Amino acid sequence: MEQYDGEECYMQQQDDWDRDLLLDPAWEKQQRKTFTAWCNSHLRKAGTQIENIEEDFRDGLKLMLLLEVISGERLAKPERGKMRVHKISNVNKALDFIASKGVKLVSIGAEEIVDGNAKMTLGMIWTIILRFAIQDISVEETSAKEGLLLWCQRKTAPYKNVNIQNFHISWKDGLGFCALIHRHRPELIDYGKLRKDDPMTNLNTAFDVAEKYLDIPKMLDAEDIISTLRPDEKAVMTYVSCYYHAFSGKQKAETAANRICKVLAVNQENEQLMEDYERLASDLLEWIRRTIPWLENRMPENTMQAMQQKLEDFRDYRRLHKPPKVQEKCQLEINFNTLQTKLRLSNRPAFMPSEGKMVSDIINAWGNLEGAEKGYEEWLLNEIRRLERLDHLAEKFRQKATIHEAWTEGQEEVLQKHDYETASLSEIKALLKKHEAFESDLAAHQDRVEQIAAIAQELNELDYYDSPSVNARCQRICDQWDTLGALTQKRGEALQRTGKLLETIDQLYLEFAKRAAPFNNWMESAMEDLQDTFIVHTIEEIQGLSTAHEQFKATLPEADKERQAILGIHNEIAKIVQTYHVNMAGTNPYTTITPQEVNTKWDKVKQLVPQRDQALIEEHARQQNNERLRRQFANQANVIGPWIQTKMEEIGRISIEMHGTLEDQLQHLRQYEKSIVNYKPKIDQLEGDHQLIQEALIFDNKHTKYTMEHIRVGWEQLLTTIARTINEIENQILTRDAKGISQEQLNEFRASFNHFDRDHSGTLGAEEFKACLISLGFDIANDAQKRSGIMDAEDFKTCLISMGYNLGESEFSRIMSVVDPNRMGLVTFQAFIDFMSRETADTDTADQVIASFKVLAGDKNYILADELRRELPPDQAEYCIARMAPYTGPDGVPGALDYMSFSTALYGESDL
């Protein structure tokens with residue numbers, strides 16, 4: 001639209017004003033009333049008004065406020081002092097602002113306004129009205145005054161008795177005002193009943209209807225217009241311009257309806273995305289909630305088979321159940337980021353999921369799941385080790401207890417005999433020697449009893465499931481041992497007393513008994529050791545056992561010599577008995593060990609040695625196979641682990657490099673993602689090797705630093721990282737297309753961002769963000785910033801104001817929440833692009849939507865359901881009707897809907 005005729009036109013208007021000062025003072029009265037009403041029609045938007053036009057503008061405060069309201073711009077900060085110099089300063093700021101709009105003020109100075117010069121004040125107000133209410137009116141490239149006159153002539157042409165030729169006497173009968181109202185709002189005036197000879201009724205009707213239904217205040221008095229020969233032209237022009245502005249928006253109804261449709265369509269789509277996010281988040285959190293208790297269940301099983309089944313169930317969870325949930329989690333984060341991007345692009349507030357369903361909540365829940373998962377696997381392996389150890393100890397306990405119980409069987413009865421009371425001297429001597437041999441044997445068995453008690457104690461400490469029976473058996477053995485000790489002491493004392501009366505002791509029997517008892521005990525210990533079960537986990541351990549076994553075999557020749565010596569003693573006894581015809585019972589009175597028993601046990605030892613050799617050979621072969629499995633796993637893990645790390649680094653470089661267009665980068669990343677997915681069979685192969693290792697109960701691997709858990713976590717992070725990087729490029733494409741950013745601009749933004757992202761983290765700190773903005777041409781530095789290198793909240797606010805933002809505290813907080821919604825003190829590249837692109841973006845606002853609804857509602861403060869159905873598509877009309885609250889204003893009618901609260905709710909400024 002062509003602007004007003006510039007400074008020359010304003011000079012002409014000023015000349016007209018100077019001439020008017022010399023004319024009818026009645027015009028001054030009309031102008032005072034009209035200009036006062038016009039000013040109040042704008043000042044009421046700021047919650048104030050004036051009563052006396054020359055008095056209320058003297059301090060310049062309401063004058064500056066009036067200019068801010070009608071221009072939509074902020075003036076310099078006013079002076080709040082009451083002195084004349086403060087008032088002149090405020091008025092000068094207002095006059096400077098008027099002059100900055102291309103208006104040359106002649107003969108109007110701040111001192112005249114401060115002194116309350118009524119005519120100068122009216123002249124200044126008329127200049128403001130011309131500039132801000134009339135200048136922009138243009139019809140067929142005419143000037144403002146001519147354009148307004150031409151508009152009035154065209155609108156009133158169809159009406160009889162109306163001939164608009166000027167802005168004074170053509171309006172005295174009031175029919176011109178009524179015709180303008182009837183042309184645009186025929187339901188408000190019954191034009192056929194108006195008479196040209198009743199100007200008072202016509203004028204009052206027009207003024208009342210305009211004030212009541214069009215929100216145009218009464219700026220003229222019917223009596224003044226009728227009684228004045230030539231009504232004041234400026235007052236009439238001012239009042240008629242209000243009609244023009246009230247009706248000029250009629251043709252914008254279709255545009256307004258389209259804008260609303262667009263806004264509602266975007267809102268409906270976003271609501272669906274929000275519902276999908278809520279549903280997916282709820283399902284994932286519910287799965288995590290159900291799974292964590294299972295992983296946290298530490299109720300141990302009593303058998304290895306049951307624990308192996310738990311381990312198999314855990315493997316199924318890792319292979320079958322968790323991977324789809326990893327994909328769901330990744331997709332949920334991608335959907336959330338895409339939704340937030342769409343909300344930012346459509347100027348909507350950021351989506352805040354329901355309590356407990358934020359992305360951070362899901363990440364925390366997932367972290368708890370993985371923590372429980374890791375602890376569960378460690379617990380399973382520890383339990384398997386514990387049960388293995390328990391089975392070994394329990395078997396060892398049973399063997400030692402059985403051997404000991406077999407040795408103690410019948411000993412109490414022997415010790416309780418009183419056979420020494422009727423025995424001969426030789427028998428007493430024999431009983432005494434036999435008892436000494438028993439004491440030696442008893443002492444030799446003390447170690448076994450202590451071992452049995454130690455094993456039972458260890459079983460209790462390891463929480464063996466059958467500990468009660470073990471404890472009961474151990475207690476019986478200990479009680480019996482105490483009894484044997486007491487009985488042995490008692491019998492020994494009795495024999496000693498009796499032995500003093502006996503002299504003859506068969507030295508050979510005694511020597512046989514003394515040497516046969518420890519040898520017999522050695523053989524029993526050897527048989528026990530040869531039959532002892534063993535658990536090893538490395539080749540070194542089995543080699544240690546083999547070495548010990550070889551050392552044992554090396555002692556066998558010496559043991560055989562001892563056996564032959566013991567048998568030689570027995571042969572010597574037999575020789576003496578045979579030679580001297582000693583009357584002996586044929587048994588050794590000092591021991592129960594016989595040569596046959598020695599030979600039998602010796603044969604048993606020789607039989608067990610090769611069996612032990614075979615067991616050690618088999619275990620050595622098993623450990624060699626385990627070592628092969630370790631090396632097989634390590635060879636693959638040492639390749640896959642660095643490969644994953646390399647791919648992570650390459651993705652990081654791809655995300656910050658600028659090769660080709662965003663579409664080229666997106667295609668490159670998708671091809672890269674495909675190559676990564678094709679690597680999955682190697683991960684599965686490694687899983688198979690890991691399963692073989694676990695089935696072989698291998699718990700460590702010195703050939704690699706990578707565990708299967710490391711590989712799994714790295715693989716999941718790699719898949720998540722490539723998916724997130726692709727999503728970031730897609731969001732950049734959305735931002736570029738929605739904001740109209742060129743590829744060169746994006747490259748410039750990316751180059752600046754990468755330059756200051758020195759740690760390649762993909763984010764900028766406050767200081768890096770400040771430096772990046774300066775490199776792109778934002779002048780936000782000041783002396784304090786140059787000294788400290790830090791951009792705090794106030795500096796950032798000043799920066800935004802210098803770029804044209806009109807910020808209060810709440811507005812500044814809102815912008816900070818958009819740039820850094822998580823309050824992390826970091827700015828991502830996507831947020832950086834949004835900030836840089838929103839400076840030139842043409843986005844919808846709540847005020848624009850309210851204005852559009854106001855057009856559809858015929859300038860009413862409410863709208864009816866029928867009006868929505870008439871102007872909007874059916875689905876969007878019903879969408880609005882279902883969500884709009886009832887209108888509660890004093891001017892409401894039945895069925896009235898509040899479109900203002902609905903519009904602000906769309907942009908997060910109130911609750912919907």
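Nothing fancy with the numbering, it's 1 onward along the sequence. Remember, predicted model here, so these are calculated numbers, not experimental data.
- Using a distance-only test at 3.5 Å, with no hydrogens or angles considered, a donor-acceptor pair links the side chain of Tyr159 to the main chain of Arg183.
- By the 4.0 Å N-to-carboxylate-O rule, Lys854 lies too far from Asp215 to be salt-bridged with it.
- Here the shortest heavy-atom pairing between Ala235 and Leu220 reads CB-CD2, 3.8 Å.
- Remark: the backbone N or O of Asp197 is not paired with any side-chain donor or acceptor of Asp173 at under 3.5 angstrom.
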So Glu112 and Thr121, side-chain contact (heavy atoms from CB on, under 4.5 Å) or not? Walk me through it. CA-CA 8 Å; Glu112 287 84 350; Thr121 302; over 6 Å; no
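- At distances below 3.5 Å, at least one donor-acceptor pair connects side-chain atoms of Gln30 with backbone N or O atoms of Asp232.
- Here the shortest heavy-atom pairing between Gly81 and His86 reads CA-ND1, 3.0 Å.
- Between Met200 and Ala222, the shortest heavy-atom contact is SD-CB, 3.5 Å.
- Closest non-hydrogen pair, Ile216 versus Ala246, comes out as CD1-CB, 4.0 Å.
- In this structure a side-chain-to-backbone donor-acceptor pair under 3.5 Å is missing from Asp221 to Asp224.
- Ile113 approaches Phe57 most closely through the heavy-atom pair CG2-O, 3.9 Å.
- Counting only heavy atoms from C-beta outward, the side chains of Leu75 and Asp96 never approach each other to under 4.5 Å.
- A 4.5 Å side-chain heavy-atom check between Met900 and Phe853 finds every atom pair outside the cut-off.
- In this structure a side-chain-to-backbone donor-acceptor pair under 3.5 Å is present from Asn90 to Asp59.
- A donor-acceptor contact shorter than 3.5 Å links the side chain of Asn166 to the backbone of Ser170.
- Ion pairing between Glu28 and Arg32 holds under the 4.0 Å rule for side-chain N and carboxylate O.
- Between Trp171 and Phe167, the two ring planes are parallel [angle under 30°; tilted spans 30° to 60°].
- Taking CG from Leu856 and CZ from Arg870, the interatomic distance works out to 8.5 Å, rounded to the nearest 0.5 Å.
- The one candidate from Asn861, Leu897, Leu864, Val893 that meets the side-chain contact (heavy atoms from CB on, under 4.5 Å) condition with Tyr887 is Asn861.
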Trace of the side-chain contact (heavy atoms from CB on, under 4.5 Å) decision for Asp859 with Tyr213: CA-CA 8 Å; Asp859 214 34; Tyr213 295 102; over 6 Å; no
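- Counting only heavy atoms from C-beta outward, the side chains of Ile189 and Leu194 approach each other to under 4.5 Å.
- The aromatic rings of Tyr243 and Phe177 lie tilted to each other, with the angle between the two planes from 30° to 60°.
- Other residues, nucleotides and ligands contribute only 12 or fewer heavy atoms inside 6.0 Å of the NZ atom of Lys29.
- Using a 4.5 Å cut-off on side-chain heavy atoms (C-beta onward), Ile125 and Cys39 make contact.
- Ring pair Tyr239/Phe207 is perpendicular by interplanar angle, where above 60° counts as perpendicular and below 30° as parallel.
- Side-chain contact between Phe97 and Glu68 is absent, with no heavy atoms from C-beta onward closer than 4.5 Å.
- Other residues, nucleotides and ligands contribute at most 12 non-hydrogen atoms within 6.0 Å of the NZ atom of Lys212.
- At a threshold of 4.5 Å between non-hydrogen side-chain atoms, the residues Leu65 and Leu43 count as touching.
- Nearest heavy atoms, Leu175 versus Val162: CB-CG2, 3.8 Å.
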Test log, rule side-chain contact (heavy atoms from CB on, under 4.5 Å), inputs Ile128 and Phe35: CA-CA 10 Å; Ile128 293 172; Phe35 292 175; over 6 Å; no
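- Between atom OH of residue Tyr862 and atom CG of residue Asp898 there is a gap of 12.5 Å, rounded to the nearest 0.5 Å.
- Put simply, the side chain of Lys62 gets close to the backbone of Gln49: a donor and an acceptor are under 3.5 Å apart.
- Of the inter-residue distances, the one linking Lys145 atom NZ with Ser241 atom OG reads 13.5 Å to the nearest 0.5 angstrom.
- Between the CD atom in Gln876 and the CD1 atom in Ile881 there is a gap of 12.0 Å [rounded to 0.5 Å].
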Do Ile863 and Phe902 pass the side-chain contact (heavy atoms from CB on, under 4.5 Å) test, and can you show the C-alpha distance, the side-chain angles, and the key distance before you say yes or no? CA-CA 11 Å; Ile863 194 167; Phe902 173 78; over 6 Å; no
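- Taking 4.0 Å as the cut-off between side-chain N and carboxylate O, Asp115 and Arg84 count as a salt-bridged pair.
- Atom-to-atom distance recorded for Asn267:CG and Arg883:CZ is 8.0 Å, nearest 0.5 angstrom.
- Taking 4.5 Å as the limit, every side-chain heavy atom of Leu122 sits out of range of all side-chain heavy atoms of Lys234.
- Using modelled atom types, one side-chain atom of Thr904 and one backbone atom of Ser901 make a donor-acceptor pair closer than 3.5 Å.
- Between His184 and Trp151, the ring planes lie parallel to each other; the angle is under 30°, not in the 30° to 60° tilted range.
- With rounding to the nearest 0.5 Å, the separation of CG in Leu63 from CG in Leu95 is 7.0 Å.
- Contact check for Thr205 versus Ile181: no side-chain heavy atoms found under the 4.5 Å cut-off.
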